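Counting starts at 1 for both ligands and their atoms, in listed order. Predicted model only: the values in this text are computed from it and were never measured.
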Amino acid sequence: MSERVYIFDTTLRDGEQSPGCSMTTPEKLTMARKLVDMGVDLLEAGFPIASAGDYEAVREVSREFPEARVAALARTVPKDIERALDALDKAKNPRLHCFIATSEIHLKYKLNKTEDEVLEAAVKGIEQARKHVDDVEFSAEDGTRTNLDYLRRISKAAVDAGATTINIPDTVGFMVPEEYAQMIAAIVAEVGDRAIVSVHTHDDLGLAVANAMAAVSAGARQIECTINGIGERAGNCSLEECAVIMKVRADHVPFHTNIKTELLYPASQLLASMITFGPQPNKAIVGANAFAHEAGIHQDGYLKNPLCYEIMPPELVGVPASNLVLGKHSGRHALNDRVKDLGYEELSRDQLNRLYDAFTTLADNRKGLTNSDIISLLNQLQIQERGARQEVEALAPGA
Ligand code: KIV
Ligand code: ZN
């Protein structure tokens, strides 16, 4: 059996904090449901000191998903850690994720602190968190532009203080794979089996996924990533790409995750329906063209045997084999079949009726509806149901 790699999803934190990606708490809860069903190991739900919305999201995700491991972000300062711990107080499996910058440029211009002062702040923050939770992650922000000796020293001090995961973020997306792998190998050697080494990569040079994969080969066992690769600037490491690489290229990347890959496309579409943009059409795994064949020679080869031009079946990632357009003359039965093909749970009669009403209203004004349209309608239905449930709970006596 290959070794397990943990998937730490930060769609609701690093993803959500980027332009055009903000989500309401009900939307975060709907997205969290999909991520939990998909099998992510950790859900980072927000940065509680940053806003009331982030605080509420961490609380609500912890309350609604007691089975999940929920993470909240904090700087290594007492008031941040207190606020994050407070937001996590209903979580059954909380993780406190604290960070401080470690690179020379951040120390000099942003923090105006010495290396020793930063190390002391990190140790104090971790010790404060460990008094309340067992699971503490420490991130050395801008770790990849940090002097390696200091990075080793602060990683060891963090583990001595009680951190159970050490994350080395490529905050500015500057690494190339070989270089990142060497750095991660050095940190793995430093902390041994006392902590899991995690990677958090950004895509400024288009290398976030390649860097994460190289780091896993060098000993990292947690990847921090987001659906559709959303995140600061050019984005974070794409969850769907990492999960599928480990499945399709297990011969070269012999690791496994808990991700149910057939839920990747529905999750990608769900996210796209909540934020202001979807994946680019040529995005690997979940883009609209990822399984489309236009050129005559390709179509001919594909029809003779899909393997001529496809390295995986679309169903592996939840892209429905059929992308036939449904129109206003399509019945409930065809709609229900498509809902199942798209990886959604069986709808009740009442849910199907409501979906069908919305479907016919939209189809009346369009030539035909695609899978993305149907997914948007399903997502709207879920959000309306959640809103209605919350109103009922608020009206309940003693609520
Ligand atoms: O990119 C980064 O360094 C971060 C940390 C807070 C983990 O998002
Ligand atoms: Zn980040």
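- The pair Arg354-Asp357 does not count as a salt bridge, with every side-chain nitrogen at least 4.0 angstrom from each carboxylate oxygen.
- Polar contact with ligand 1: present for Arg13 (N/O pair, distance under 3.5 Å).
- Checking only distances, Glu141 never comes within under 3.5 Å of ligand 1, N or O to N or O.
- Summary of contacts: the protein heavy atom closest to atom 3 (O) of ligand 1 is Thr171 OG1, 2.6 Å.
- A heavy-atom distance below 4.5 Å is not found between the side chains of His106 and Ile100.
- If you look at Glu232 next to ligand 1, there are no close heavy atoms at all, none under 4.0 Å.
- Considering both main-chain and side-chain atoms, His200 comes within under 3.5 Å of ligand 1 through a nitrogen or oxygen pair.
- Taking a cutoff of 4.0 Å between a charged side-chain nitrogen and a carboxylate oxygen, Asp37 and Arg33 qualify as a salt bridge.
- Residue Ser139 holds the heavy atom nearest to atom 7 (C) of ligand 1 of all those in Ala140, Ser139, Gly231, Ser198.
- Comment: Asp160 engages Arg194 in a salt bridge, judged by a side-chain N to carboxylate O separation of less than 4.0 angstrom.
- Expressed to the nearest 10°, the angle at the Zn ion (ligand 2) joining NE2 in His200 with OD2 in Asp14 is 90°.
- Defined by atom type and a distance below 3.5 Å, a donor-acceptor pair is present between the side-chain atoms of Ser238 and Lys283.
- Looking at Glu224 next to ligand 1, no N or O pair under 3.5 Å apart turns up.
- In this structure, Thr165 contributes its side chain and Glu137 its backbone to no donor-acceptor pair below 3.5 Å.
- Residue Asp142 has no N or O atom closer than 3.5 Å to an N or O atom of ligand 1.
- Asp89 has a carboxylate O that lies under 4.0 Å from a charged side-chain N of Arg59, or vice versa, which qualifies the two as a salt bridge.
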